Amino acid sequence: MLWHELTVHTTEEAQEMISNLLYEAGAGGVSIEESGTLNKVRDTRYGELYDEPLNDIPPGEAVIKGYYAENVSMDDVIKEVAPRVEELREFGIDPGKALISWKTVDDEEWAHAWKAYFKPLRVSDRLTIKPTWEEYTPASPDEKIIEIDPGMAFGTGTHPTTALCLRALEKHISGGEEVIDVGTGSGILAVGAVLLGAKSVLALDLDPVAVESARENVELNRLQASVTVKESDLLSLLGGEGAADTAAGDMWPSARPGYTGAAAEEDPSAEAGLGVTLPVKLIVANILAEILVLFTDDVFRALQPGGIYITSGIYKDKEGLVSQALEASGFEIIEITREEDWVAITAGKR
């Protein structure tokens, strides 16, 4: 089967938003390739070995590819995508060169070849991410294995922000906590939280493709009894009306006035079927900084006194933006960690 491959040369900062734009324009799958240069600062504390550059993409840049059915008009797709990529500048997100091109490829070129580069990866003292098609033997009884089959819809879980969140979860989960994962994506953080000792996790995402992917990965790890996946967001769960009608709010559906998403019809006060009881001990959110700042007040409401909020998806130039929003909502910054150009902020509810 033939597919049209649309390529966007952009920045690491803009990769998540542009990936979403390609999906909204009808992509059947999206791949993201970041810089593989050896000049990048690498975290090797868990034994990772980087012997050769994976590509010649300059540091800070990324190449995103979207795949469209053969009968799709690529001229129409580009007319839809190109202006929306440029609009990201209005939200303070730099898409860089934003060069767009396309070609026709056979599905074997993209549906399976990428798997050769996804190997088991130790991301923390106790957690290793392993693709389902790879064999791996834990180095010790304490090592926990996160099985994942990302398909083409989500990343492999090896992005710096994922690793930062997993390490923060490892620090703050002592056993028996109820957790909410906002913007769960592949569900990797929800799975990791339970493996580290959390009693139960409610994994939320507005994207139905993400919800399906998360449920599949939860099943792969045999954690259906501990992880509940819902097509919703935290605002809808709490019964909030959403954030103000701002430019940033346009990027998050539930932040728009009058939002009536899938979860809006449910009774937000009914906790049956959620797997957790509000308020919870810990919330984690690995999404864009511009989105994080929209619901810091709601996270504060959803946490117990002394509760922990772990955030990432924060590009280095947005660290101050998120820190200020957290403190304005009453949080105390506990720790800030960094890997490459990405930041994770752990905050506590006073």
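Bear in mind the structure is a predicted one, so any value in this text is a computation, not a measurement.
Val227 pairs with exactly one of Val218, Thr184, Asn217 by the side-chain contact (heavy atoms from CB on, under 4.5 Å) rule, that one being Val218. The one candidate from Arg167, Glu143, Glu170, Lys171 that meets the side-chain hydrogen bond (donor to acceptor under 3.5 Å, both in side chains) condition with Ser124 is Glu170.
Looking at heavy atoms from C-beta onward, Leu274 lies out of side-chain contact with Thr228 at the 4.5 angstrom threshold. The closest side-chain heavy-atom distance from Val30 to Ile18 is not below 4.5 Å. Residues Leu189 and Thr162 are in side-chain contact: their nearest non-hydrogen atoms beyond the backbone lie under 4.5 Å apart. Side chains of Met17 and Leu21 form no contact here, defined as non-hydrogen atoms less than 4.5 Å apart.
Side-chain atoms of Asp205 come within 3.5 Å of backbone N or O of Gly185 as a donor-acceptor pair. In this structure a side-chain-to-backbone donor-acceptor pair under 3.5 Å is present from Arg122 to Asp125. Side chain of Thr10 to main chain of Pro95: a donor-acceptor pair is present (N/O by atom type, distance under 3.5 Å, no hydrogens or angles). Here the side chain of Asp297 pairs no donor or acceptor atom with the backbone of Ser329 at under 3.5 angstrom. Side chain of Glu177 to main chain of Gly175: a donor-acceptor pair is present (N/O by atom type, distance under 3.5 Å, no hydrogens or angles). In this structure, the side chain of Ser200 engages the main chain of Gly275 through a donor-acceptor pair within 3.5 Å. Judged purely by atom type and a 3.5 angstrom limit, Lys144 has no side-chain atom pairing as donor or acceptor with the backbone of Leu195. A donor-acceptor pair under 3.5 Å links the side-chain atoms of Lys349 to the main chain of Phe300, judged by distance alone. Arg301 places no side-chain N or O within 3.5 Å of a backbone atom of Leu303 that could act as its donor or acceptor partner. Not a single donor-acceptor pair under 3.5 Å links the side chain of Tyr136 to the backbone N or O of Ile129.
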**Message:** Working note: Ile333 + Glu327, criterion side chain to side chain contact (heavy atoms under 4.5 Å, CB included); need CA distance, chi angles, decisive distance, verdict.
**Reply:** CA-CA 7 Å; Ile333 305 300; Glu327 290 173 337; 3.7 Å; yes
**Request:** Check the pair Leu2 / Asp106 against side chain to side chain contact (heavy atoms under 4.5 Å, CB included), numbers first and verdict last.
**Result:** CA-CA 5 Å; Leu2 297 178; Asp106 189 273; 4.2 Å; yes
**Item:** side chain to side chain donor-acceptor pair (under 3.5 Å) between His172 and Glu335, intermediate numbers included
**Value:** CA-CA 11 Å; His172 293 283; Glu335 183 180 28; 4.7 Å; no
**Message:** Go through it in stages, so that I can follow the logic: the residues are Thr11 and Asp94, the test is side chain to side chain donor-acceptor pair (under 3.5 Å), and I'd like the CA-CA distance, side-chain angles, deciding distance and then a yes or no.
**Reply:** CA-CA 7 Å; Thr11 63; Asp94 178 17; 5.5 Å; no
**Criterion salt bridge (Lys or Arg N to Asp or Glu O under 4.0 Å) on Lys281 and Glu178, from CA distance to verdict** = CA-CA 6 Å; Lys281 181 66 175 179; Glu178 292 187 326; over 6 Å; no
**Request:** Take Trp3 and Tyr68 through the test ring-ring contact (aromatic ring centres under 6.0 Å, His included) and record every step on the way to the result.
**Result:** CA-CA 6 Å; Trp3 294 78; Tyr68 298 82; 8.8 Å; no
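For the side chain to side chain donor-acceptor pair (under 3.5 Å) test, residues two or more places apart in sequence or in another chain that qualify with Lys318 are Glu13. Every ring-ring contact (aromatic ring centres under 6.0 Å, His included) that Tyr309 has, sequence neighbours left out, goes to Phe331. Take His9 and apply the ring-ring contact (aromatic ring centres under 6.0 Å, His included) test, not counting sequence neighbours, and it matches no residue. Partners of Asp317 according to the side chain to side chain donor-acceptor pair (under 3.5 Å) rule, which considers only residues two or more places apart in sequence or in another chain, do not exist here.
Here the straight-line distance linking atom CD of Gln304 with atom CG of Leu282 works out to 10.0 Å at 0.5 Å rounding. Note: Ile146 CD1 to Leu166 CG = 5.0 Å, rounded to the nearest 0.5 Å. Atom CD1 of Ile314 and atom CD of Glu290 lie 10.0 Å apart (nearest 0.5 Å). Rounded to the nearest 0.5 Å, atoms CD (Gln15) and CD1 (Ile32) are 4.5 Å apart. Note: Ile287 CD1 to Ser312 OG = 10.5 Å, rounded to the nearest 0.5 Å. Rounded to the nearest 0.5 angstrom, Ile283 CD1 and Ile310 CD1 are separated by 10.5 Å.
At a cut-off of 3.5 Å, with distance as the only test, no side-chain donor of His159 or Glu16 sits close to an acceptor on the other residue.
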Residues 71-81 side chain polar contacts: donor-acceptor under 3.5 Å, at least two apart:
residue, atom, partner, partner atom, Å
Ser73, OG, Asp76, N, 3.3
Ser73, OG, Asp76, OD2, 3.4

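No salt bridge links Glu319 with Lys316; every basic N to acidic carboxylate O contact stays at or beyond 4.0 Å. One finds no salt bridge joining Glu147 and Arg222 here, because no Lys/Arg side-chain nitrogen approaches an Asp/Glu carboxylate oxygen to under 4.0 Å.
Among residue pairs with one or both ends in residues 174-212, none qualify as ring pair (Phe, Tyr, Trp, His ring centres under 6.0 Å); sequence neighbours excluded.
Put simply, Leu164 and Ile308 are part of two different groups of oily side chains (I, L, V, M, F, W, Y) that touch within less than 4.5 Å, one to the next. Note: the hydrophobic cluster containing Leu223 does not contain Leu220 (ILVMFWY, side chain heavy atoms under 4.5 Å, direct or indirect links). Under a hydrophobic-cluster definition in which Ile, Leu, Val, Met, Phe, Trp and Tyr are linked whenever side-chain heavy atoms come within less than 4.5 Å, directly or via other members, Tyr315 and Leu326 are assigned to different clusters. Under the 4.5 Å side-chain contact rule for hydrophobic residues, Val194 and Ile145 do not share a cluster.
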